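The structure appears below as structure tokens.
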Amino acid sequence: MIKRILINKSPTFSYLELYVKGGLNAISGASGSGKSVFLHSILSAFGLKEANAELIEISLDIDFNSIGVNLEELGISNEIIGEENEVIVSILKKQNSRYFINHQSISKKKLSEIAKHFIKHISIKDAYELESDYMLNVLDLIISHKDSTFNSLKNEYKDTFKNFSKCKNELKDIIEMQKNIENLKDFAEFEIDKISKINPKIGEYEKLLHDKKMLSKKEKIIQSCNEALNSLDSLDSVSKAFDLLDIDGNSFFASIMEARGSIENSLYDFENLDIEPESLLERIAELSDINRKYGSEEEALKHLEIQKKKIKEYENIDFDKTQLEKKYNMLEQKIIELSQSLSKKREKFIAKFEKRLNHYANQLKLKDITLKQSNVEYYQNGIDSIDIFIDNKNKNIISSGEYNRMRLAMLCVSTECSNQEKGILILDEIDANLSGEESEGVAKLLKFLSNNYQVFAISHQPFMPLICNQHYLVSKDSKNNASIKLLDKQNQIKEIARIIGGSNLSTDTLSYAEKLLQQEKNIN
């Protein structure tokens, strides 16, 4: 439920901070006063409309779990909400529009996805309440109240359809793979042959580069080693000097002997270095190609094992396909059986659904509504599709007024079947161009819906203001700045009188408005 609305620097409202309550909130005012702009601002804060103010902030008291919104599935941590279920959504518009939830940045797309779970805006653009899937869901709610086995049947179908869809995709992939199996096998065998022939060893490439470096310096190293050994052979004078001076030269000569041994061993290794330069360079080139393609000798060997595994998979593909086809046929048969069972149960209850729709349609002064159930190719909701008609006319060719009143009737049936909190309902002049009886019916159904929805509705008729929980007036001052205020009883009487009789309020009109308001309060 919305608790607080703040709008700063919009073309209509220079500054507005309004605290609101649940139930039916009727909004009235003269034409052009800014009523629609106000509702537009609310929707824009949730990313459902384009921003029309520099700052819009909406404070909510909402339990996302109770309305079926899993924030984690939408990539949002539940920690952002906290334990009190208090949420602030806001939009800041400068050069670009930025959206926030509890002061943390969020994309417009993600915010609007969340909002669509609990905000309904009655407009032709997003009229999904008269679409087949929505109507099927309402029908299923009706059935579940009377048939305790229905929900388990429906859940079994959904699980089976999910497994069937997965199996279908796997079978499609394996058939596609089978078409290219020879090419895939040839490519795998080519890579296996190439890596196997080269037969790389981990670390071999680095070792060969070191050998290449040493080979390029072989002559210089041999010459340098011989010169060093010659120098060590001429150390007799040092030995004589140590003897004459009585200096203990044992450690010195031990080091010299150790150095001589190391040089002689290295010299021997280099003189007997059996590396063919051309073979070395050719091997380095092969390993370089391997490393460039696979990243390293280790990755090449891993790839080799993967390709060997693929060859086995390709060889087993016919068997795998046969097994998948068996599974596919089994799941398809189960889907057909379950969907037919669902369809039969729906056939039994669709007349009841139609009756409940017409109960509300009659209050809205609509002609008879009929529902037609037909079969389609099985999908996530079964094999059923529902079309709705009014006076035998398809919903696509009726007037916008009839269309929106049908939506209200559908929402009422949905609401009476499910008592959980529904969210927020926003309507912009839904009773425009309607007769008095039609407008009265709309007002009564909105009052009914307000038991489950927080309703914000603009009206130029007296019926909503007469039965609403709160009545707000939008008006403009001499500088064309709009404001909204909650009306007390006396000002509500004046506004209802203005709606009935115009701006020149007579005593009779005021008295009549007060009488109507009192009558409604006595009824309620």
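Being a predicted model, the structure only gives us computed values, none of them experimental. Values below: every heavy atom of this structure, side chains too, minus hydrogens, waters and symmetry copies.
- Side chains of L153 and L338 form a contact here, defined as non-hydrogen atoms less than 4.5 Å apart.
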Considering only distance and modelled atom types, tabulate donor-acceptor pairs under 3.5 Å from the side chains of residues 387-395, sequence neighbours left out.
from: N394; atom 1: OD1; to: N396; atom 2: N; distance (Å): 2.8
from: N394; atom 1: OD1; to: N396; atom 2: ND2; distance (Å): 3.0

Original post:
Going through the checks in order, is the side-chain contact (heavy atoms from CB on, under 4.5 Å) test met by Y99 and S112?
Top reply: CA-CA 10 Å; Y99 298 83; S112 63; over 6 Å; no
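- For the pair I88/I101, no side-chain contact is recorded, criterion being any heavy-atom separation below 4.5 Å from C-beta on.
- Annotation: side chain of N381 is not in contact with side chain of Y157 (no heavy-atom distance under 4.5 Å).
- Ionic pairing of E54 and K93 is not present here: no N-O contact between side-chain nitrogen and carboxylate oxygen is shorter than 4.0 angstrom.
- Take E332 and apply the side chain to side chain donor-acceptor pair (under 3.5 Å) test, not counting sequence neighbours, and it matches Y378.
- Across L136 and I386, no two heavy atoms sit closer than the pair CD2-CD1, 3.7 Å.
- At least one side-chain heavy atom of I58 sits less than 4.5 Å from a side-chain heavy atom of L60.
- For N362 (side chain) and N358 (main-chain N/O), a donor-acceptor pair under 3.5 Å exists by modelled atom type.
- The two residues A115 and L48 have their closest heavy-atom pair at CB-CD1, 4.1 Å.
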Original post:
Does the side-chain contact (heavy atoms from CB on, under 4.5 Å) test come out yes or no for M406 and L130, once each step is laid out?
Top reply: CA-CA 8 Å; M406 282 175 68; L130 303 183; 4.0 Å; yes
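- Each of L425, I424, L449, L427 was evaluated against K120; a single residue qualifies, L425, per the side chain to side chain contact (heavy atoms under 4.5 Å, CB included) test.
- Side-chain atoms of S341 come within 3.5 Å of backbone atoms of E337 as a donor-acceptor pair (strictly under, hydrogens ignored).
- Atom NZ of K166 sits about 7.5 Å away from atom CG of N163, to the nearest 0.5 Å.
- Judged by distance alone, with hydrogens and angles left aside, the side-chain atoms of E297 form a donor-acceptor pair with the main-chain N or O of Y205 at under 3.5 Å.
- Salt-bridge formation is detected for the pair D289/K194: a Lys NZ or Arg NE/NH1/NH2 atom is positioned less than 4.0 Å from an Asp or Glu carboxylate oxygen.
- A salt bridge does not link K345 to D140: none of the charged nitrogens lies less than 4.0 Å from a carboxylate oxygen.
- Separation of atoms OG (S44) and NZ (K49) is listed at 10.0 Å; rounding is to 0.5 Å.
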Subject >> Candidate pair D384 and R346, rule salt bridge (Lys or Arg N to Asp or Glu O under 4.0 Å), full reasoning >> reply: CA-CA 9 Å; D384 297 306; R346 287 165 174 165; 2.9 Å; yes
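- Of the possible donor and acceptor atoms, none in the side chain of D147 sits under 3.5 Å from a partner among the backbone N and O of I143.
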Original post:
Checking side-chain contact (heavy atoms from CB on, under 4.5 Å) for the pair I290/I195: CA distance, chi angles, key distance, verdict?
Top reply: CA-CA 8 Å; I290 286 286; I195 298 172; 4.3 Å; yes
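- Using a 4.5 Å heavy-atom cutoff, the side chains of I91 and L55 are not in contact.
- Residues I56 and N52 share a closest heavy-atom pair of CD1-OD1, 3.6 Å.
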Exercise answer: donor-acceptor pairs, residues 5-13 side-chain atoms, under 3.5 Å, sequence neighbours excluded:
from: S10; atom 1: OG; to: T12; atom 2: N; distance (Å): 3.2
from: S10; atom 1: OG; to: F13; atom 2: N; distance (Å): 2.7
from: S10; atom 1: OG; to: F13; atom 2: O; distance (Å): 3.2

**OP:** Evaluate the salt bridge (Lys or Arg N to Asp or Glu O under 4.0 Å) criterion for residues K293 and E191: first the C-alpha distance (whole Å), next the side-chain angles of each, then the deciding distance (0.1 Å), finally the verdict.
**Re:** CA-CA 11 Å; K293 186 169 184 178; E191 290 206 308; 3.4 Å; yes
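- Counting all heavy atoms, side chain and backbone alike, K447 lies closest to C468 at NZ-C, 4.2 Å.
- Taking the charged nitrogens against the carboxylate oxygens, R405 and E438 do have a contact shorter than 4.0 Å, which makes a salt bridge.
- Under the 3.5 Å distance criterion, the side-chain polar atoms of E170 are left unmatched by any main-chain donor or acceptor of L324.
- Between atom CG of residue L371 and atom CD1 of residue I369 there is a gap of 7.5 Å, rounded to the nearest 0.5 Å.
- In this structure, T160 contributes its side chain and E156 its backbone to a donor-acceptor pair below 3.5 Å.
- For the pair A45 and L111, the tightest heavy-atom approach, listed with the atom from each and the gap, is O-CD2, 3.3 Å.
- When the shell of 6.0 Å around OH of Y379 is examined, it contains more than 12 heavy atoms from other residues, nucleotides or ligands.
- The ring-ring contact (aromatic ring centres under 6.0 Å, His included) contacts involving residues 325-372 comprise F164-Y328, Y360-F448, where partners must be two or more places apart or lie in separate chains.
- Note that CD of Q454 is 10.0 Å distant from CD1 of I62, once rounded to the nearest 0.5 Å.
- For the pair T415 (side chain) and L411 (backbone), a donor-acceptor distance under 3.5 Å is present.
- Listed here is the closest heavy atom pair of L24 and N469: N-OD1, 2.6 Å.
- No side-chain heavy atom of I383 sits under 4.5 Å from any side-chain heavy atom of L342.
- Looking only at side-chain heavy atoms (C-beta outward), V20 and F456 come within less than 4.5 Å of each other.
- Contact of the L304 side chain with the K308 side chain is registered, since non-hydrogen atoms from C-beta on lie closer than 4.5 Å.
- Scored by the side chain to side chain contact (heavy atoms under 4.5 Å, CB included) test, D63 finds N65, S66, N85 as partners (sequence neighbours excluded).
- To the nearest 0.5 angstrom, R98 atom CZ is 13.0 Å from S107 atom OG.
- Expressed to the nearest 0.5 Å, how far OG of S152 lies from NZ of K154 amounts to 12.0 Å.
- Side-chain N or O atoms of E305 include none that pairs as donor or acceptor with a backbone N or O of K302 at under 3.5 Å.
- Contact check on K197 versus E286 returns no salt bridge, with no Lys/Arg side-chain nitrogen under 4.0 Å from an Asp/Glu carboxylate oxygen.
- Annotation: salt bridge (charged side-chain N to carboxylate O under 4.0 Å, His left out) contacts involving residues 102-118, sequence neighbours excluded, comprise E50-K108.
- No donor-acceptor contact under 3.5 angstrom links the side chains of N291 and S296, judged on distance only.
- Proximity of a side-chain donor or acceptor of R283 to a complementary backbone N or O of S279 within less than 3.5 Å is not detected.
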Original post:
Do Y453 and F118 pass the side-chain contact (heavy atoms from CB on, under 4.5 Å) test, and can you show the C-alpha distance, the side-chain angles, and the key distance before you say yes or no?
Top reply: CA-CA 9 Å; Y453 290 92; F118 63 93; over 6 Å; no
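- No side-chain donor-acceptor contact under 3.5 Å links S343 to the backbone of S339.
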